[in-house]
Amino acid sequence: MTLGAPPSIPSSRGQPLRVLIVDDNPMDRLLAREAFGGHENGVVVDTCASGERALNFLRELDTALPDVMLLDLNMPGLHGFDVLAQMKDDPRLALIPVVILSTSGNAGDVQQAYTLHASSYLVKDHDFASFARQIDAFVNFWMQARTSHTP
């Protein structure tokens, strides 16, 4: 697990958007951090290298829970669907929005993600510039979604 630096400009809600990335591939975690780099003033990114580590991290009582999680599917140990199912069965974690971020666009994977109450499913672009645009859209959406009901 790594922790992002505190942002210098908070979101309109007064707090940075907290994102947890769960992916077993170190290169994918590095690329995701790089893609989030353009949002360092309003986003704090935590990463976990396995589903087990993510669940342990989230269950620590002093953990600041993320506003949204990006979850890989194909990981050794706990598969992304296992992590998602366990989160939805845990009252403290059940309301954390989980966005599946996978290279798989398999219709069965997409259907199972939504059956397990994933908030969204993103098929990761292979081109870094396109992936960075996906992350920009992701951040903009979640910043807006998180603040849209604030008076």
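All residue numbers in this chain count up from 1 along the given sequence. Only heavy atoms go into these numbers, but all of them, side chains included; no hydrogens, no water, no symmetry mates.
- Side-chain atoms of Q134 come within 3.5 Å of backbone N or O of D125 as a donor-acceptor pair.
- The aromatic rings of W142 and F138 sit tilted relative to each other, their planes meeting at an angle between 30° and 60°.
- Here the rule is side-chain contact (heavy atoms from CB on, under 4.5 Å) with V98, and of V68, V83, L84 only L84 fits it.
- The distance from the CG atom of L71 to the OG atom of S102 is 9.5 Å, given to the nearest 0.5 Å.
- Contact of the H126 side chain with the T103 side chain is registered, since non-hydrogen atoms from C-beta on lie closer than 4.5 Å.
- Between the side chains of S130 and R133, a donor-acceptor pair is found at a separation under 3.5 Å.
- Remark: D28 engages K124 in a salt bridge (charged side-chain N to carboxylate O under 4.0 Å, His left out) (not counting sequence neighbours).
- No side-chain heavy atom of T63 sits under 4.5 Å from any side-chain heavy atom of L61.
- For the pair S50/V22, no side-chain contact is recorded, criterion being any heavy-atom separation below 4.5 Å from C-beta on.
- If you check the side chains of S104 and D109, you find a donor sitting under 3.5 Å from an acceptor.
- Put simply, the side chain of P16 does not reach to within 4.5 Å of the side chain of V43, judged on heavy atoms.
- V19 is not listed as a side-chain neighbour of M69, based on a closest heavy-atom distance of 4.5 Å or more.
- Atom CG in L101 sits 6.0 Å away from atom CD1 in I135 (nearest 0.5 Å).
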M143 and N140: CA distance, side-chain angles, deciding distance, side chain to side chain contact (heavy atoms under 4.5 Å, CB included) verdict: CA-CA 5 Å; M143 289 286 247; N140 291 333; 5.7 Å; no

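- By the 4.5 Å heavy-atom criterion applied to side chains, I21 and D46 are not counted as neighbours.
- Within the structure, ring-ring contact (aromatic ring centres under 6.0 Å, His included) pairs that include any residue of residues 80-122 comprise H79-F81 (at least two apart or interchain).
- Inter-residue side-chain proximity for P76 and D24 is flagged as met; some heavy-atom pair is nearer than 4.5 Å.
- In plain terms, the two heavy atoms of E52 and L78 that are nearest each other are OE2-N, 3.0 Å.
- Contact check for V44 versus L17: no side-chain heavy atoms found under the 4.5 Å cut-off.
- Annotation: side chain to side chain donor-acceptor pair (under 3.5 Å) contacts involving residues 89-101, sequence neighbours excluded, comprise R59-D90.
- Rounded to the nearest 0.5 Å, atoms CG (L122) and CG (L70) are 7.0 Å apart.
- The heavy-atom pair separating A54 from C48 by the smallest distance is CA-SG, 3.7 Å.
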Chi angles and distances behind the side chain to side chain contact (heavy atoms under 4.5 Å, CB included) call for T47, V45: CA-CA 7 Å; T47 61; V45 176; 4.1 Å; yes

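- The CG atom of L58 sits 5.0 Å away from the CD1 atom of I96 when rounded to the nearest 0.5 Å.
- Neither V99 nor L95 shares a network with the other; the hydrophobic side chains, linked directly or stepwise wherever heavy atoms of I, L, V, M, F, W or Y lie under 4.5 Å apart, form separate groups for each.
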